[in-house]
Amino acid sequence: MTETTASSSGRVRTRFAPSPTGFIHLGNIRSALYPWAFARATGGDFILRIEDTDLERSTQAAVDVIIEGMKWLGLDHDEGPFYQMQRMDRYKAVLADLQAAGHVYPCYMSVAELDALREKQMAAKEKPRYDGTWRPEDGKTLPPVPAGVLPVLRFKNPQGGVVAWDDKVKGRIEIRNDELDDLVIARPDGTPTYNFCVVVDDIDMAITHVIRGDDHVNNTPRQINIFRALGKEPPVYAHLPTVLNEQGEKMSKRNGAKPVTQYRDEGYLPDAMVNYLARLGWSHGDDEIFSRAQFLEWFNLDHLGRSAAQFDEAKLRWVNAQHLKAMSDDALAALVAPQLQQRGVPEQVLADGRLVRICALFKDRCDTTVALAQWAQVFYGDVTPVEAERAQHVTEAIAPALDALADALSACEWDKASISAAFKQVLASQGLKMPQLAMPARVLTVGTAHTPSVDAVLELVGREKVVARLRNR
Ligand code: GLU
């Protein structure tokens with residue numbers, strides 16, 4: 001990576017910086033969508049950075065879900081993925097510079113001493129904080145360095161004054177420096193800590209806008225002070241409110257949030273997911289259904305919601321259904337075909353051209369591509385009628401009409417109009433009404449009476465199967 005200083009060209013540069021410590025869910029991926037959208041909407045750059053310094057909890061499998069999920073949703077990055085573990089030398093070099101400039105000092109306080117300090121402060125009803133024992137000051141004598149103890153490094157937080165920023169979501173936030181103690185920025189083994197790495201990365205990657213979850217608001221004043229100690233101005237911040245699950249709890253893997261790739265497997269469309277997630281914390285008037293292009297045209301940081309958004313699976317399904325309906329039949333067939341292959345329909349059978357028409361006929365009644373594939377499968381394999389429907393509709397009384405229909409359909413032209421004419425002819429000769437014949441015909445040929453118009457359905461099932469199924473009841 002080339003190290004650039006904060007973008008002087010005014011070009012927007014955003015990033016998504018997930019920690020691969022669990023499978024990424026919808027609440028997390030929304031923190032990718034907004035910075036991506038802002039970069040795309042402004043002609044800027046979007047950077048993917050994997051914050052994998054928690055070695056015990058980070059996994060490659062979680063990284064894979066992040067990358068696969070973003071790819072599926074079309075949240076393409078211009079740079080990265082950068083891995084923090086591969087940048088340790090860079091952090092250490094910057095740390096050394098910061099130490100040389102007098103912003104960092106070693107602290108030899110042991111864990112036991114820190115615990116005792118915390119207990120004392122808690123007993124006195126004070127906020128637990130480091131008391132600056134090892135902070136060098138003019139005229140102050142530091143305690144003797146204990147033998148054989150490796151120190152942590154602490155950042156010399158400015159004293160007095162406030163750290164303030166104009167958050168694009170939360171408005172102006174001001175924190176008194178006196179509230180912030182001297183943060184540990186390197187462990188005894190010399191490895192830099194999280195808040196320091198984030199700042200070095202945001203500087204090196206020339207990030208102009210940090211758009212992230214509001215669980216990081218408490219880190220921001222500390223990060224801003226580190227920016228300034230490094231001689232840089234911090235980026236613009238937008239801290240997004242939490243996404244709650246349907247029970248109103250913070251969405252998390254522990255309480256059942258699904259990995260984002262599971263929505264792909266359940267038949268959701270990327271554009272519908274983008275639409276749904278976009279609305280989970282941002283609005284454009286009353287618009288609920290919009291395309292990716294419209295979203296990018298409308299998106300800015302001025303209409304981000306301030307309150308927590310709640311996930312609603314029924315609404316997600318509805319949004320998906322709207323996008324599914326709006327999609328071209330060809331595009332839908334391209335999504336459904338691999339699912340049918342997975343369900344055992346051979347590729348050459350699918351090449352017969354019916355799938356596009358099946359999608360056209362059924363897309364209005366499906367809210368996922370999986371539901372559409374379930375319908376489509378009926379046209380390529382065997383059918384087992386729903387027993388209750390068979391009992392209701394395929395009665396002894398209707399048997400002669402079904403035989404007559406099978407005869408008529410084995411002789412007519414095979415198109416919708418001719419099939420319809422065959423039905424009418426049988427209805428007239430048997431003195432029946434349409435539902436009395438159409439319902440059993442549907443149950444026998446596609447397994448259920450709940451289908452679109454019977455002539456269209458039968459045409460797609462094909463003459464041979466229709467005639468055989470009507471006869472072999
Ligand atoms: N790695 C952090 C997280 O997954 C995000 C840090 C940031 O965006 O600054 O919560």
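We're numbering straight along the sequence, starting at 1. Every number for a ligand or one of its atoms is a count from 1 in the order of the listing. What you see is a predicted model, and the numbers here were worked out from it, not measured in a lab.
- Between Trp282 and Phe299, the distance separating the two ring centers is shorter than 6.0 angstrom.
- Note that Lys315 lies outside the cation-pi zone of Tyr276, set by a 6.0 Å cut-off to the ring centre and a 45° limit from the axis.
- Judged by distance alone, with hydrogens and angles left aside, the side-chain atoms of Ser58 form a donor-acceptor pair with the main-chain N or O of Asp54 at under 3.5 Å.
- Side-chain atoms of Asn225 and Asn157 include a donor-acceptor pair closer than 3.5 Å.
- Contacts with ligand 1 closer than 4.0 Å are made by no heavy atom of Tyr237, backbone or side chain.
- Of all the listed residues (His239, Glu51, Gln223, Gln84), Glu51 holds the heavy atom that lies closest to atom 1 (N) of ligand 1.
- Scanning the protein heavy atoms around atom 5 (C) of ligand 1, the nearest turns out to be Ala17 O, 3.2 Å.
- Counting atoms of ligand 1 from 1 in the listed order, those under 4.0 Å from a heavy atom of His216 are 2 (C), 3 (C), 5 (C), 6 (C), 10 (O).
- Contact annotation for Ser19 and ligand 1: heavy atoms of both the backbone and the side chain come within less than 4.0 Å of the ligand.
- The shortest N or O to N or O distance between Arg212 and ligand 1 is below 3.5 Å.
- Considering OG1 of Thr53 and CD of Gln84, their distance stands at 5.0 Å, rounded to 0.5 Å.
- Residue contact check: Arg15 has heavy atoms under 4.0 Å from atoms 7 (C), 8 (O), 9 (O) of ligand 1.
- Between Val198 and ligand 1, no pair of N/O atoms sits closer than 3.5 Å.
- Ring geometry for Phe295 against Phe290 counts as parallel: the plane angle stays under 30°, on a 0 to 90° scale with 60° as the upper cut.
- Panel note: side chain Arg228, backbone Gly231; no donor-acceptor pair is recorded below 3.5 Å.
- For atom 6 (C) of ligand 1, the nearest non-hydrogen atom of the protein is Tyr194 OH, 2.7 Å.
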